Engineer: 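First the structure, then my questions, so here it is.
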Amino acid sequence: VTGGGSAMANINVFAWSKQGGWADTQTDKDGKYEMFVASGKWEVVADPGWNSAYAPQPPKRVKVKNNETVTRDFSFSAAGNTVKGVVRDSKGTLVSSLWAWAYARTNDSGFEVITDGPVDSGEFTLKLPVGNYKVGMWIGPESGYTMHAEEVVDFSQVTEDTTKEITIRVNKNDKTI
């Protein structure tokens, strides 16, 4: 596991399979990791952390056969751009009591999350590499709110580290099904 061409130590790496398997470890000082798994198809993730200077990557798929060793390398890109977000209700009031987790995903028809992080007292910060993103929130069902819409954040044309401020609007859950 490398970032900016250098080995990354103490990075969490985990893998899961649809058959219910799970394995996790951390990289050593040389950025190397090893997990023992059963044969089958696995999704492997190296996670630099939600507030890292490096952008996370989607899981990498591997197929492991009996008595086989498979290598999956991760090379992280710098995430020098920053999104500073606030959460406001329909009246524009800061919603500071909301339990939520902010995310940034690629701006396409899929849902490939690039990074995520906690919403604390109605505010959040996400670090992102150059690109175009949709930013939104996963909101706890007990919160009493629903996200109105994702916000588009475009870092695709930046040439230096940039900070953009956004507002995510939420609606009060005041209807009954």
Side-chain angles (χ1 to χ4, degrees), residues 1-79 83 85 87 97-120 124-129 131-153 168 170-171 173 177:
V1 177
T2 60
S6 299
M8 295 177 71
N10 302 314
I11 298 297
N12 292 320
V13 181
F14 55 93
W16 72 90
S17 74
K18 290 183 179 179
Q19 288 72 40
W22 176 267
D24 60 87
T25 190
Q26 280 192 331
T27 58
D28 64 17
K29 66 180 175 57
D30 298 318
K32 297 186 183 304
Y33 68 93
E34 184 175 75
M35 291 183 283
F36 297 98
V37 298
S39 61
K41 295 178 183 176
W42 291 83
E43 302 276 335
V44 182
V45 172
D47 185 5
W50 65 267
N51 203 20
S52 172
Y54 296 95
Q57 295 178 0
K60 292 188 176 184
R61 292 186 178 155
V62 300
K63 185 174 184 178
V64 181
K65 297 177 183 172
N66 285 334
N67 300 313
E68 180 182 41
T69 298
V70 176
T71 301
R72 275 302 169 261
D73 294 330
F74 292 85
S75 180
F76 292 101
S77 300
V83 174
V87 182
S97 61
L98 184 69
W99 187 95
W101 200 259
Y103 63 82
R105 68 180 182 93
T106 52
N107 191 7
D108 58 17
S109 59
F111 202 87
E112 187 175 297
V113 172
I114 301 302
T115 192
D116 58 358
V119 176
D120 186 22
F124 62 89
T125 301
L126 301 173
K127 302 286 279 179
L128 291 163
N132 192 19
Y133 305 97
K134 288 186 178 179
V135 177
M137 295 183 313
W138 294 298
I139 300 175
E142 72 287 347
S143 71
Y145 290 92
T146 302
M147 180 178 65
H148 176 71
E150 295 172 315
E151 290 291 320
V152 174
V153 178
I168 300 288
V170 293
N171 298 322
N173 293 342
I177 295 177

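Bear in mind the structure is a predicted one, so any value in this text is a computation, not a measurement. Throughout, residue positions are numbered sequentially from 1 according to the sequence presented.
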Engineer: Look up atom NZ in Lys65 and atom NZ in Lys63, then write down how far apart they are to the nearest 0.5 Å.
Structural biologist: 6.5 Å
Engineer: Using atom types as modelled and distance alone, determine if a side-chain donor or acceptor of Thr27 lies under 3.5 Å from a backbone N or O of Met8.
Structural biologist: yes
Engineer: Check Val135 against Ala104 and note the closest heavy-atom contact, atom names and distance.
Structural biologist: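 Minimum heavy-atom separation between Val135 and Ala104: CG2-CB, 4.1 Å.
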Engineer: Can you list the residues that meet the ring pair (Phe, Tyr, Trp, His ring centres under 6.0 Å) rule with Trp99, with sequence neighbours excluded?
Structural biologist: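 In terms of ring pair (Phe, Tyr, Trp, His ring centres under 6.0 Å), with neighbours along the sequence ignored, Trp99 is linked to no residue.
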Engineer: How long is the span from the OH atom in Tyr103 to the CZ atom in Phe124, to the nearest 0.5 Å?
Structural biologist: 10.0 Å
Engineer: Can you see which heavy atom on Met35 is nearest to which on Thr25, and at what distance?
Structural biologist: CG-CG2, 3.5 Å
Engineer: Apply side-chain hydrogen bond (donor to acceptor under 3.5 Å, both in side chains) to residues Ser39 and Asn66 and explain how you reach the verdict.
Structural biologist: CA-CA 5 Å; Ser39 61; Asn66 285 334; 3.1 Å; yes
Engineer: Which atoms form the tightest heavy-atom contact between Phe76 and Ala46, and what is the distance?
Structural biologist: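 Heavy atoms of Phe76 and Ala46 come nearest at CZ-O, 3.3 Å.
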Engineer: Quick check for you: to the nearest 0.5 Å, what is the distance between Asn171 atom CG and Thr146 atom OG1?
Structural biologist: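 Going from CG on Asn171 over to OG1 on Thr146, the span is 7.0 Å.
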Engineer: Does Val70 reach the side chain of Trp42, with side-chain heavy atoms less than 4.5 Å apart?
Structural biologist: no
Engineer: For Asp24, does the CG atom have more than 12 heavy-atom neighbours from other residues, nucleotides or ligands under 6.0 Å away?
Structural biologist: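 Check passes, neighbour count above 12.
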Engineer: Which heavy-atom pair separates Pro129 from Ala78 by the least distance, and what is that distance?
Structural biologist: CB-O, 3.4 Å
Engineer: Roughly how far apart are Gln19 CD and Lys41 NZ, rounded to 0.5 Å?
Structural biologist: 8.5 Å
Engineer: Is Val1 close to Tyr54 at the side-chain level, that is, under 4.5 Å between some pair of heavy atoms?
Structural biologist: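 Tyr54 vs Val1: side chains apart.
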Engineer: For Trp138 and Asp116, what are the C-alpha separation, side-chain angles and deciding distance, and is it a side-chain contact (heavy atoms from CB on, under 4.5 Å)?
Structural biologist: CA-CA 10 Å; Trp138 294 298; Asp116 58 358; 3.7 Å; yes
Engineer: Can you list the residues that meet the salt bridge (Lys or Arg N to Asp or Glu O under 4.0 Å) rule with Glu150, with sequence neighbours excluded?
Structural biologist: Arg105
Engineer: Can you name the closest pair of heavy atoms from Ala7 and Gly31 and give their distance?
Structural biologist: CB-N, 3.8 Å
Engineer: Considering only heavy atoms from C-beta outward, does the side chain of Val87 approach that of Tyr145 to under 4.5 Å?
Structural biologist: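 They are not in side-chain contact.
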Engineer: With heavy-atom distances below 4.5 Å as the criterion, would you say the side chains of Thr106 and Ile114 are in contact?
Structural biologist: yes
Engineer: Quick check against the 3.5 Å criterion: does Lys60 have a side-chain atom that pairs as donor or acceptor with the backbone of Asp73?
Structural biologist: yes
Engineer: I need the minimum non-hydrogen distance between Ala102 and Val119, along with the two atoms involved.
Structural biologist: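 Shortest heavy-atom separation between Ala102 and Val119 comes out as N-CG2, 3.8 Å.
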Engineer: Are side-chain heavy atoms of Ile168 and Glu151 found at a separation under 4.5 Å?
Structural biologist: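 Yes, at least one pair of side-chain atoms sits under 4.5 Å.
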Engineer: Determine the interplanar angle of the Phe14 and Trp22 rings, folded into 0 to 90°, and report it as parallel if under 30°, tilted if 30 to 60°, perpendicular if over 60°.
Structural biologist: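 Aromatic pair Phe14/Trp22 classed parallel.
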Engineer: Any sub-3.5 Å donor-acceptor pair from Asp30's side-chain atoms to Lys32's backbone N or O?
Structural biologist: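 No; judged by distance alone, with no hydrogens or angles, the pair does not exist.
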Engineer: For Phe74, what residues pass the ring pair (Phe, Tyr, Trp, His ring centres under 6.0 Å) criterion, not counting sequence neighbours?
Structural biologist: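 Residues passing ring pair (Phe, Tyr, Trp, His ring centres under 6.0 Å) with Phe74: none at all.
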Engineer: Which distance, rounded to the nearest 0.5 Å, do you find between the NZ of Lys127 and the OG1 of Thr115?
Structural biologist: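 It comes to 10.5 Å.
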